[in-house]
Structure formats: C-alpha cells, structure tokens
There are 2 protein chains.
Amino acid sequence: MTKKVSLKDIANKVGVSTALVSYVLNGQEKEKRVGVEIARKILKVAKELNYKPNQIARSLRKGSTKTIGLIVADIANPFFGYLARFIEDEANKYGYTVIFGSSDESNSKSAALTDILINRQVDGFIIVPTEGSEDQIKNLIQRNIPFILIDRFFPELSTSYITLDNYSASNEATRYLLKKGYKRIGIIAYKSKLIHMQERIAGYVDAIASQKNNYGPFIKEIRFDNVEQDIENAINDLVIKNKKIDALFFATNSLSIAGLYCICKYGIKVPDELALVGFDGNESFDFFYSPLTYVEQPISEMGKESVRVLVDLIDGKDKIIHIELKHKLIIRKSCG
Amino acid sequence: MTKKVSLKDIANKVGVSTALVSYVLNGQEKEKRVGVEIARKILKVAKELNYKPNQIARSLRKGSTKTIGLIVADIANPFFGYLARFIEDEANKYGYTVIFGSSDESNSKSAALTDILINRQVDGFIIVPTEGSEDQIKNLIQRNIPFILIDRFFPELSTSYITLDNYSASNEATRYLLKKGYKRIGIIAYKSKLIHMQERIAGYVDAIASQKNNYGPFIKEIRFDNVEQDIENAINDLVIKNKKIDALFFATNSLSIAGLYCICKYGIKVPDELALVGFDGNESFDFFYSPLTYVEQPISEMGKESVRVLVDLIDGKDKIIHIELKHKLIIRKSCG
DNA sequence: CTGAAAGCGCTTACAG
DNA sequence: CTGAAAGCGCTTACAG
C-alpha cells in the first residue's frame, strides 16, 4: 500500500500543529476558536491530499472503535442473514460498523470468536448464544463489556436480551392445529436446553395437554450435527411406519426445510396425510404445493431493537433491558 | 468497561520491560534469547491476569489489521449469504477477520462502505462491484490497496477477479432448452451493464441465433429497484397476454424467486405451459412442484479462492489473477 | 487564537 | 540475555 497521508502531513503543509488540524477536521474550530482563515486553509489542504483519518489510531486514542461484534449461528441461514442485514443497516445509522462471525452452534467456536472480537476492541456485542455458553457470557458481564443476547438467552443470568414470545407462539400454533380438528400432533425440535427451544416445546406440550382426549405429546429432538438423518428417522417413526400423527409442527426454519425435503422424498400428502406448521417464513415454503402455515418473527424489529439497546448500553445507560417481541401466525394451506 | 490489562501491567508485576513481555508472548523468546525462568514467569502472570493483547494497538504499530473488508450486494440474499459464509471460514483460517457491508447494488452506498472500511484500515477487499463503480475501483488501484472483484468485474480495468463462465453457462442452459424441443425461449435478466449480466444475455442470444427457424430472442430487462412490478409485466407480456414463449430462463437467483411467485400467482403450468431454467440453486426451487433446472455456481470455491488470492495480494505477491470457475447444469423436472 | 507534549498499547531496531 | 526509547496516527488537557 502507498503511504497514507496523515494529520502531520497536513499540519506540515499548512504550517500549523497537528492539534489545530485535528480540531478543524473534527468540527471543533468554533469551540477552540481557530482562526477562520487558517481553518479554511486546513480544510482545503485536507481535501487536496485526499486525507482519510486513520480510525485505528483514533480508536486507540479514544478507547472506542465504533464497532459492533455480531455472533450468529450461521450467516448463511436466511433467518440469521436477514437479522444480520437489519443489524448492519441500523448499526450504520448510529455510525457503527459490524464485524461478524458464525458459531455453528458450537461453544468453542463461539468462545474463539468472542475472544478475537474482544481483542479487536469491539465496543459491544450482539450475540445469538450457543448452548452451554453461560461461562462466556458471565465473562463478558465480569469484564463489563456491553452486549445483548438475541433470539435466545439464559434465564438464570442477568443480561439484556431480546427474544420472541416463543411459548405463546408455539402454543397458539398447536391450538390452531387442534381447532382445525387434528388430534395427534407431533413436534420436531432441536435437542437443546436453550430457552427458545424449551419454550417452543413447552408451548406445544401445554396445548396438547389442554385437549380432552389426550394424544401425545409426540416429541422428536434432532441433533444439530445430524439433522438430515435424525429428521428422516423421526418422520419415519411418526408418519410412515407407525402413523402416530396427523399433524406436525417444526420448531425452526432449518427443521422445516429439512423436514420438507423428507416429506417430498416420501411423497407424503400435505395436508391430507399430514398437516404442517413451521417456525419462520421462507421463500421455500411459498413454493411448496401446499404453502406452509408458519409462525412469523418480526426479524426487522429484532435486529433494529438489538442495535438500539446495545448502543444505549455502550453509551453507559446501563440498565438491563428485556424485550419480548410478538409473533404472528400466518395461515395458509398446509393445515387444510 | 473495566480497565483492560496491558503489557505494562505484566511487565510491572514481573519486574521486566514491556519489550521482554512482548517477545515472550509473541513466541520470540528463542530468537531474543530471553531467560527461561523469566519467560516462564511472564507466561504465568499473563495467564493469571487473563491478558488479551489489544489488536488495535498492535495494528497501529504494525500497519496491518488482519482484517478483510467484504462488500456484497445484500447479505440477506442466499447467494451472498453463502458466499460470505465461505469467505468467513476461509479468512479465519488465515487469521483474518471479516467486516462486511451490503451495497444494495447502489453506487453511493458502495462508495461510502469502501471509505469506511479504508478508514478502518482493512488490509484488503473482496468486492462484488456495483454498476458504474469503476472510479471507486480505480481509486483502490491508485492507492495500491489490495482487492479482488468477485461475481463480476470490469473488463477494461486491470484487476484481479474471480467469476463464473457466465457466457457458456447461459449458452449451455439455452441450448439445453432447444434440445428439449422448446422453440420460443425468453430470458429475464437485470437491466445492467455489468459483465456477468451481459455475458449471460449474450450466451443466451448466441444460442438462440444458432437455431434454424429463428424465434426470438425475447429479452426482458428488470430494474433492480422495481423487480416485482417489472417481472409481472414481463411475464404478462411474454406468457399470459401474448403467449410469445414456451420456455423461460431466469438470469439470477432473485429473479427466479420473483418469477416463481408470479408464475404461481397466475397458475401457469410448469413445464406444460412454460418450461423454466434458473441461475443458482435455492431451497425454494426444490419444493416447487416442478423442481427447477438450474445453473449451479461453485460458491464454496468462489469464496475460498477469493480469500486465497486476496491474502496473496496482501502478502505482496502482486500478480493480477483472473479466475473463471466452471458452472454445472443441474437438470430436474421444470423442462419436462 | 495556537502549539508543545503526553499518551492510547503495542513492536522493534538499537545499545549495552 | 535485557532495557530504554522511538514511533504507529491520532486526541486532548494544558499552558501561553
């Protein structure tokens, strides 16, 4: 790279100190009562030299980088892709840049990422926490690093977070299936102790328990690292071999997709043989011959709010904030 | 944030200079012949104090941030989401972190992003360039900032780039439709002078021109900022009202999706009334009742190679590299 | 109105 | 084997 032009270069050329140049370029010529003529000259030379301030130097000096660290499960997953996009746009509005990383739901990856981003002195974090990462989160608290959890959180830890009303979302979705006359409803969820998953399962279980002639619950828990195989086994058991259920609820986006592949593969008729409800929308579900009924999350709001809260936290308004966003059940053909 | 522990803190505690600490922590105790005992002690204290090096300070001193700036059109678009993911993973392997931004195909956004990232002293860029951004790219060349263009490039500028064999991909796809017996084939592309789009159109046009009883070409160019309306008009003209065509080729991912929505909306039968081919795969296309035949791009390779080339560029191996990756036509039901 | 100087936290030639 | 010192490019109290 060619040598960058620095404050000093401008100062030399104009014949003043770097202090003056810094004041003028930061719009403090009024407060510091810099001479009008000299200010004009500094601006002119800065422009001529195409001066770009070195943010790294500024960051070191100011102790703030105007950078947000974003850790999601997988940036290639559309849910997180959209989330990242809204976070990016909102962060930019506040003058922040975002550095991101994907944890793949792995604890060690998330720890490594957090470390890297801390070393890079991000001003704060927006984190989709992985299962078992409580210690990492505690560490952030101890070190007084501003952050907000998103999508999931740890009830036993006192942190800011923003999440969906997962319990009632899943409860409503299940009740909707019951109301439509389905009697034996299954759920496919991830095998995870994380609260969002537990709440989704609980909402389903309670809805099932509320019915008179009680069938189920039928719960299948899928391992993150073995999705396709586990889903196939689950659907085989629930639908094909043992015909236990007449309706199925997928607890996430990625489970819906994997499940649909399987359902297509075996030619299961939706909704005649099996009604379906998913969590999160996705273009894929629109083109399925029986478009999926699903729980919609306000991703845009989630992204924007997370930035707003984080920026407040960074600015020292250190209240702990809990936000629970409302879902919306989008009804289409997959439940008849 | 609580006070961070610095090199100096360790040096004070051990009773040595910061130089020694720096050497030991950077694994140069051999070269600098630091005493074994003192090295051990430094390591121990660093661990006790949970020392994390301040990358910002190191970056300022070394003049390198180990950071890559990634500019894509839209991180929420699955094509770019996957690309970002592969770039992220590969960059991490080389010890780089990635800062990203979405240009929305807008020139001014891309310029603003580039500026911000330059100020943040990224070591190099991976850029999906927007139409008309030649000046921005020239500016990078002038300033000797390492970068590689990806997905698209500017033939008249001497830069490194990595792209698909767009012409032959689109040519093969069209010839495939011809071979299947379709006579009147249309293409829906973006209205853009960017090379990847022009090549895709050219590949199609030449394939059409190669047939005996010449129908077409039927080309519709969609504006980035008016996709839905323009697509609807196009399909209306080509298929519904004037029945000009019996097969349609979508030149990108996002066009396929918007097009499919429209085709579903009007209940056009695929492939009986209209055969379809798309560019890029997508889960959506798998669940469509007549799964889309499409041109597959090696996204993983594209992402990985871009990082590899960029790192070489950053390391001063300043040859200009052009890489053209091979497509693959994935044949499914949408062409009968 | 303006400048000299310290300092953010590192790395690294240089001297001993 | 070890340390004092300069310097990366900024910002900012302080002194005049």
Side-chain angles (χ1 to χ4, degrees), chain A residues 1-43 45-46 49-67 118-123, chain B residues 1-43 45-46 49-67 118-123:
Chain A
M1 262 194 258
T2 43
K3 191 80 188 65
K4 300 264 177 59
V5 2
S6 72
L7 271 192
K8 211 167 161 190
D9 298 325
I10 301 177
N12 285 342
K13 189 141 182 185
V14 180
V16 295
S17 72
T18 59
L20 267 261
V21 180
S22 172
Y23 293 143
V24 171
L25 261 29
N26 287 308
Q28 303 176 30
E29 64 267 32
K30 290 277 151 40
E31 300 88 313
K32 299 294 174 175
R33 290 164 299 164
V34 178
V36 177
E37 202 39 60
I38 213 121
R40 204 191 325 248
K41 203 161 169 191
I42 287 170
L43 256 4
V45 172
L49 263 37
N50 191 22
Y51 170 73
K52 309 271 179 188
N54 181 330
Q55 285 298 339
I56 296 293
R58 172 182 263 166
S59 296
L60 178 59
R61 175 60 223 242
K62 299 190 94 163
S64 127
T65 53
K66 283 282 177 181
T67 294
I118 288 179
N119 295 355
R120 289 184 185 275
Q121 313 294 119
V122 296
D123 291 339
Chain B
M1 259 193 260
T2 43
K3 190 80 188 66
K4 299 265 178 59
V5 2
S6 72
L7 271 192
K8 211 168 161 189
D9 298 325
I10 301 177
N12 284 343
K13 187 142 185 186
V14 179
V16 296
S17 73
T18 59
L20 267 261
V21 180
S22 172
Y23 291 143
V24 172
L25 261 28
N26 287 308
Q28 302 178 31
E29 66 267 34
K30 291 278 150 42
E31 299 87 315
K32 298 295 175 176
R33 291 163 299 166
V34 178
V36 177
E37 202 40 58
I38 212 120
R40 205 191 323 252
K41 204 162 168 192
I42 287 171
L43 256 6
V45 171
L49 265 36
N50 190 22
Y51 171 73
K52 309 270 179 188
N54 181 330
Q55 285 297 339
I56 296 293
R58 171 183 263 167
S59 295
L60 178 59
R61 174 61 223 241
K62 298 192 94 163
S64 126
T65 54
K66 284 279 178 185
T67 293
I118 288 179
N119 295 355
R120 290 185 184 275
Q121 313 294 122
V122 296
D123 290 340

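In what follows, chains carry the letters A, B, and so on, assigned in the order in which the sequence lines appear, proteins first and then strands, with residues in each chain numbered from 1. In what follows, every heavy atom counts, from backbone to side chain, and hydrogens, waters and symmetry copies are set aside. Worth saying up front: this structure is predicted, and the values here are computed from it rather than measured.
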message: If you apply the rule side chain to side chain contact (heavy atoms under 4.5 Å, CB included), what do you find for Leu25(B) with Ile10(B), and how did you get there?
response: CA-CA 11 Å; Leu25(B) 261 28; Ile10(B) 301 177; 4.2 Å; yes

message: Here's a test of your reading of the structure: between Ala19(B) and Ala19(A), which maps to the more 5' nucleotide of DNA chain D?
response: Ala19(B)

Starting at atom [atom1] of [X], determine the distance to atom [atom2] of [N], rounded to an integer number of angstrom.
{"X": "Asp9(A)", "N": "dC8(D)", "atom1": "CG", "atom2": "C1'", "value": "13 Å"}
{"X": "Leu7(B)", "N": "dG9(C)", "atom1": "CG", "atom2": "P", "value": "10 Å"}
{"X": "Ile10(B)", "N": "dG9(C)", "atom1": "CD1", "atom2": "C1'", "value": "12 Å"}
{"X": "Glu37(B)", "N": "dC1(D)", "atom1": "CD", "atom2": "P", "value": "12 Å"}
{"X": "Arg61(A)", "N": "dG7(D)", "atom1": "CZ", "atom2": "P", "value": "19 Å"}
{"X": "Tyr23(B)", "N": "dC1(D)", "atom1": "OH", "atom2": "P", "value": "15 Å"}
{"X": "Asn119(A)", "N": "dC10(C)", "atom1": "CG", "atom2": "P", "value": "10 Å"}
{"X": "Ile56(A)", "N": "dT11(C)", "atom1": "CD1", "atom2": "P", "value": "14 Å"}

Taking only residues two or more places apart in sequence, or in another chain, which ones meet [X] in a side chain to side chain contact (heavy atoms under 4.5 Å, CB included)?
{"X": "Asn12(A)", "result": "Lys8(A)"}
{"X": "Arg61(A)", "result": "none"}
{"X": "Thr67(B)", "result": "Arg120(A), Thr65(B), Ile99(B), Val122(B)"}

- prompt: With respect to the side chain of Ala57(A), which nucleotide from dC10(D), dT12(D), dG3(C) is positioned closest?
  reply: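 The answer is dC10(D), which lies nearest to the side chain.
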
- prompt: What does Ile38(B) touch in the nucleic acid at a heavy-atom separation under 4.0 angstrom: a base, only the sugar-phosphate, or nothing?
  reply: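 It contacts sugar-phosphate atoms only.
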
query: Looking at residues at least two apart in the chain, or sitting in another chain, which of them share a salt bridge (Lys or Arg N to Asp or Glu O under 4.0 Å) with Lys13(B)?
result: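 Salt bridge (Lys or Arg N to Asp or Glu O under 4.0 Å) list for Lys13(B), sorted by chain: empty.
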
- prompt: OP1 or OP2 of dC8(D) sitting under 4.0 Å from any side-chain N/O of Asn54(A)?
  reply: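 So the side chain of Asn54(A) is outside the cut-off, no N or O lying under 4.0 Å from OP1 or OP2 of dC8(D).
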
- request: Check whether any side-chain nitrogen or oxygen of Ser22(A) sits under 4.0 Å from OP1 or OP2 of dT11(D), and answer yes or no.
  value: yes

statement: Given Watson-Crick and G-U pairs under 3.5 Å, DNA chain C in dot-bracket ([ ] crossing, | other strand) is |||.||||||||.|||

- request: May I ask you to decide if Ser6(A)'s main-chain N or O and Asp9(A)'s side chain share a donor-acceptor pair within less than 3.5 Å?
  value: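 A pair under 3.5 Å: yes.
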
- request: Please state the C1' separation for the pair dT11(D) and dT2(C) - nearest whole angstrom.
  value: 16 Å

message: I want to confirm an ordering. Mapping Leu20(A) and Tyr51(B) to their closest nucleotides on DNA chain C, which one lands closer to the 5' end?
response: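 Whichever sits nearer the 5' end wins; that is Leu20(A).
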
message: Which is more 5' along DNA chain C, the nucleotide nearest Gly15(A) or the one nearest Leu60(A)? Just name the residue.
response: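 With Gly15(A) and Leu60(A) compared, the 5'-side residue is Gly15(A).
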
- prompt: Who pairs with Lys62(B) by side-chain hydrogen bond (donor to acceptor under 3.5 Å, both in side chains), at least two apart in sequence or on another chain?
  reply: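 Listed in chain order: nothing, the list is empty.
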
